[in-house]
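Here is the naming used below: chain letters follow the sequence lines, and residue numbers restart at 1 for every chain.
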Amino acid sequence: MLARPERAWFLRDAVELAPLLLGAVLAYDSDDGRVAVRLSEVEAYRGVGVDPGSHAFRGRTPRNAVMFGEGGHLYAYFTYGMHTCLNIVADRPGTSGGVLLRGGTVVEGLALARTRRPRSSERDLARGPARLAQALGVPLARNGSDLLASPFELAVPVEPLPHLTGPRTGISGAGGAVAYPWRFWLPGDPGVSAYRRHPKSH
DNA sequence: CACTAGATCATCT
DNA sequence: GATGATCTAGTGA
């Protein structure tokens, strides 16, 4: 059972918010149509000084400014010279936190998602943060958008779903892995990405 | 399945 | 100047 959340629903710590988003459905309307994804994997990132893996760890910069705003907005960033990743901003203004959308399954607009990722199997359409962003068709220019307003539509589970917890993926050094088990996923869901340790960590 | 190299550039040091 | 909240295509078991 899903419902449209109120703004206040997002005004909590990222680690608390992240698991509540599992099973949520995020839709995005673009000129060529609508794609919706059901979230099966997320990661929490916390704020200044407390989370070495977070973009906000060293304080506010032009890129991460949105994370310091109000919960329920979109933090989109560009990485590896080619990929976009999407986060849902957590908590109230002044604090910084976000939930990275790591994977999901396409539940609406399957044909359109396929044209955006023509070489992908159906399972891989939104399995992985950059794949998910590409399948939804959300451009970097939407950074800072309110996810509670058009062209977005977000519905979240009324009751939290059973989930598993583990180390975050792709983070190097002290910010990664075991010290911060802030990755959450729906067990057995096909939209859960393969775990990959960071290339730098042997 | 596991592992690796290469792509490619905004961001921060 | 180095790095990165990644992905794809390739090889080999």
> For L86(A) and A76(A), work out which heavy atoms get closest and say how close.
CD2-CB, 4.0 Å

> Please identify each residue that fulfils salt bridge (Lys or Arg N to Asp or Glu O under 4.0 Å) with R63(A), with sequence neighbours left out.
none

> Measure from CG on L140(A) to P on dA5(C) and round the result to the nearest Å.
15 Å

> Below 4.0 angstrom from OP1 or OP2 of dC7(C), is there any side-chain N or O of R117(A)?
no

> Can a side-chain donor-acceptor contact be found between R142(A) and T84(A) if the only test is distance below 3.5 angstrom?
no

> Rounded to whole Å, please give me the gap between CD in E41(A) and P in dT6(C).
10 Å

> Rounded to the nearest 0.5 Å, what separates atom OG in S193(A) from atom CH2 in W185(A)?
9.5 Å

> Atom CD of Q134(A) to atom C1' of dT8(C): distance rounded to whole Å?
11 Å

> Drop me the distance from L101(A)'s CG to L26(A)'s CG, to the nearest 0.5 angstrom.
7.0 Å

> Grab the CZ-C1' distance between R168(A) and dT6(C) for me, whole Å please.
16 Å

> Using whole Å, what does the distance between atom P of nucleotide dA5(C) and atom CZ of R63(A) come to?
7 Å

> Let me have DNA chain B in dot-bracket notation, would you? Count Watson-Crick plus G-U wobble pairs, both distances under 3.5 Å, and use [ ] for pairs crossing earlier ones and | for inter-strand partners.
|||||||.||||.

> Between which nucleotides of DNA chain B, read 5' to 3', does contact with chain A run, using atoms under 4.0 Å from its heavy atoms?
dA7(B) to dT13(B)

> Just N and O in the side chain of R131(A): are any of them under 4.0 Å from OP1 or OP2 of dT8(C)?
yes

> Can you list everything that forms a side chain to side chain donor-acceptor pair (under 3.5 Å) with R131(A)? Sequence neighbours excluded, please.
none

> Output the rounded distance in Å from CZ (R58(A)) to C1' (dG4(C)).
13 Å

> Is E122(A) paired with R114(A) through a side-chain N to carboxylate O contact shorter than 4.0 Å?
yes

> Rounded off to whole Å, could you give me the CE-to-P distance for the M82(A) and dA5(C) pair?
14 Å

> Taking the six-membered ring of Y180(A), is NZ or CZ of R46(A) closer than 6.0 Å to its centre and within 45° of its axis?
no

> What distance do L161(A) atom CG and L22(A) atom CG have between them, rounded to the nearest 0.5 Å?
7.0 Å

> Please collect all ring pair (Phe, Tyr, Trp, His ring centres under 6.0 Å) contacts where either partner lies in residues 95-114 of chain A, sequence neighbours excluded, each pair once.
none

> Measure the spacing between OG1 of T95(A) and CG of L11(A) and express it to the nearest 0.5 Å.
8.5 Å

> Compare the minimum distances between each of dC7(C), dA9(C), dT6(C) and the side chain of R119(A), then state the nucleotide with the smallest one.
dA9(C)

> Heavy atoms within less than 4.0 Å of DNA chain C: which residues of residues 88-99 of chain A have one? Give them sorted by number.
none

> Nearest whole Å is fine: how far is dT6(C) P from Y80(A) OH?
5 Å

